[in-house]
Amino acid sequence: MSGEPLVVVLIGPGGVGKGTLARRLVERDGHLWLSRSWTTRPPRPHETDADYAFVGREEFAHAIGEGRFLEWAEFHGQLYGTPRPTPPAGSDVLLEIDVQGAEQVRRDFPDALVVLVTAPTEVALEERLRGRGDEDAHVRARLRSAPEELARGRRLADRVVVNDDPDRAAGEIVSILEGLRRARRTPS
Ligand code: 5GP
């Protein structure tokens with residue numbers, strides 16, 4: 001592979017399974033490098049430093065001031081940001097972020113591939129959100145914002161992938177990526 005890395009962005013309402021899908025994608029595609037975000041949100045019971053860099057608001061604000069983020073956004077009262085990526089040579093960059101962040105990435109990288117991940121049903125979304133152990137008020141707030149996130153996501157996304165099964169959905173995204181890489185290698 002040559003040239004600038006492709007930037008691949010997964011968006012979709014919380015609880016849709018983007019995190020699992022992102023991990024499947026990097027397992028299946030040896031040329032994808034997954035960015036690790038920063039957040040001011042406290043870790044959930046099973047989360048580790050591999051999931052996020054968990055930082056305080058002051059440290060986050062300092063990093064904004066130093067221009068260390070590719071994008072950042074406030075989501076339900078917490079800050080989330082993507083550090084400027086440092087992928088190994090030849091790798092493409094995978095981001096798993098919210099729709100506001102994706103809008104910023106699109107402005108800086110017009111060729112980014114934005115994939116909107118959706119749940120097969122609203123019931124599935126609610127079950128997944130509740131299964132993470134978040135407080136009920138948080139779950140309800142996230143469910144309330146899901147339709148607006150979806151509408152913005154549909155306006156921005158190049159592709160929509162239904163996460164009915166993470167392996168199938170990952171396979172679909174890998175095929176899209178392989179097609180894009182082929183197109184980039186073929187001079188027009
Ligand atoms: P959660 O708190 O459920 O881990 O994440 C909440 C939302 O923030 C999700 O939509 C997730 O994709 C998004 N998110 C995670 N990391 C980032 C980031 O670096 N930037 C932005 N803008 N959103 C992020």
Side-chain angles (χ1 to χ4, degrees), residues 1-12 14 16-41 43-44 46-56 59-73 75 78-117 153 156-161 163 165-188:
M1 243 181 299
S2 62
E4 288 299 300
L6 258 174
V7 179
V8 183
V9 187
L10 295 187
I11 56 170
V16 93
K18 281 173 295 177
T20 308
L21 193 50
R23 285 191 293 275
R24 292 290 153 91
L25 278 171
V26 291
E27 279 162 22
R28 287 174 74 140
D29 185 322
H31 292 290
L32 262 187
W33 175 86
L34 179 61
S35 163
R36 186 181 68 137
S37 295
W38 285 32
T39 185
T40 59
R41 166 173 79 60
R44 296 193 179 108
H46 299 293
E47 283 180 331
T48 67
D49 285 351
D51 296 298
Y52 280 108
F54 294 99
V55 299
E59 193 178 347
F60 199 104
H62 187 72
I64 294 174
E66 290 194 322
R68 287 168 60 187
F69 292 121
L70 184 73
E71 63 73 36
W72 64 272
F75 182 86
Q78 301 289 353
L79 301 173
Y80 296 81
T82 305
R84 295 195 177 280
T86 52
S91 287
D92 293 324
V93 172
L94 177 63
L95 309 179
E96 187 252 291
I97 62 178
D98 87 321
V99 67
Q100 308 168 75
E103 286 165 354
Q104 295 172 52
V105 172
R106 168 70 90 213
R107 281 196 290 275
D108 293 341
F109 299 88
D111 294 337
L113 171 72
V114 180
V115 179
L116 172 66
V117 183
L156 187 72
D158 303 294
R159 305 293 289 254
V160 179
V161 171
N163 192 14
D165 171 86
D167 282 320
R168 193 212 60 77
E172 186 178 341
I173 297 172
V174 169
S175 308
I176 297 171
L177 259 172
E178 284 169 352
L180 265 179
R181 288 174 178 146
R182 265 196 306 278
R184 277 164 44 116
R185 278 198 298 267
T186 313
S188 51

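- Between the CG atom of L10 and the CG atom of L113 there is a distance of 8.5 Å, given to the nearest 0.5 Å.
- Between F109 and V9, the closest side-chain pair of non-hydrogen atoms is not below 4.5 Å.
- Looking only at side-chain heavy atoms (C-beta outward), L21 and I173 come within less than 4.5 Å of each other.
- Annotation for R36: atom CZ counts as buried by contact number, over 12 foreign heavy atoms lying within 6.0 Å.
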Carefully, step by step, assess W38 and W72 under the rule side chain to side chain contact (heavy atoms under 4.5 Å, CB included).
CA-CA 9 Å; W38 285 32; W72 64 272; over 6 Å; no
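- Of the inter-residue distances, the one linking Q104 atom CD with F69 atom CZ reads 11.0 Å to the nearest 0.5 angstrom.
- A donor-acceptor contact shorter than 3.5 Å is absent between the side chain of K18 and the backbone of V117.
- Between L34 and L94 the shortest heavy-atom distance is CD1-O, 3.5 Å.
- The two residues V160 and E172 come nearest to each other via the heavy atoms O-OE2, 4.2 Å.
- Residues E96 and L25 have side chains not in contact (no heavy-atom distance under 4.5 Å, counting atoms from C-beta outward).
- Checked for salt-bridge contact, E27 and R23 miss the test: no charged N lies under 4.0 Å from a carboxylate O.
- Among residue pairs with one or both ends in residues 82-91, none qualify as salt bridge (charged side-chain N to carboxylate O under 4.0 Å, His left out); sequence neighbours excluded.
- At distances below 3.5 Å, at least one donor-acceptor pair connects side-chain atoms of R28 with backbone N or O atoms of D167.
- For the pair L116 and G153, the tightest heavy-atom approach, listed with the atom from each and the gap, is CD2-C, 4.0 Å.
- In terms of modelled atom types and a separation under 3.5 Å, the side chain of R106 and the main chain of L156 share a donor-acceptor contact.
- The CZ atom of R68 sits 7.0 Å away from atom NE2 of H62, with the distance rounded to the nearest 0.5 Å.
- With hydrogens and angles disregarded, a donor-acceptor distance shorter than 3.5 Å links the side chain of N163 to the backbone of V16.
- Residues D51 and P43 are not in side-chain contact: their nearest non-hydrogen atoms beyond the backbone lie 4.5 Å or more apart.
- Note that CZ of R185 is 11.0 Å distant from CG of L180, once rounded to the nearest 0.5 Å.
- Rounding to the nearest 0.5 Å places CZ of F60 at 12.5 Å from CZ of F54.
- Between P83 and S35, some side-chain heavy-atom pair lies under the 4.5 Å cut-off.
- Panel note: side chain D92, backbone L32; no donor-acceptor pair is recorded below 3.5 Å.
- Nearest heavy atom pair, residue S91 against residue W33, reads CB-CB, 4.1 Å.
- Counting heavy atoms from C-beta on, the side chains of T82 and V105 never come closer than 4.5 Å.
- Rounded to the nearest 0.5 angstrom, E71 CD and L95 CG are separated by 7.0 Å.
- At least one donor-acceptor pair under 3.5 Å links the side chain of T40 to the backbone N or O of L79.
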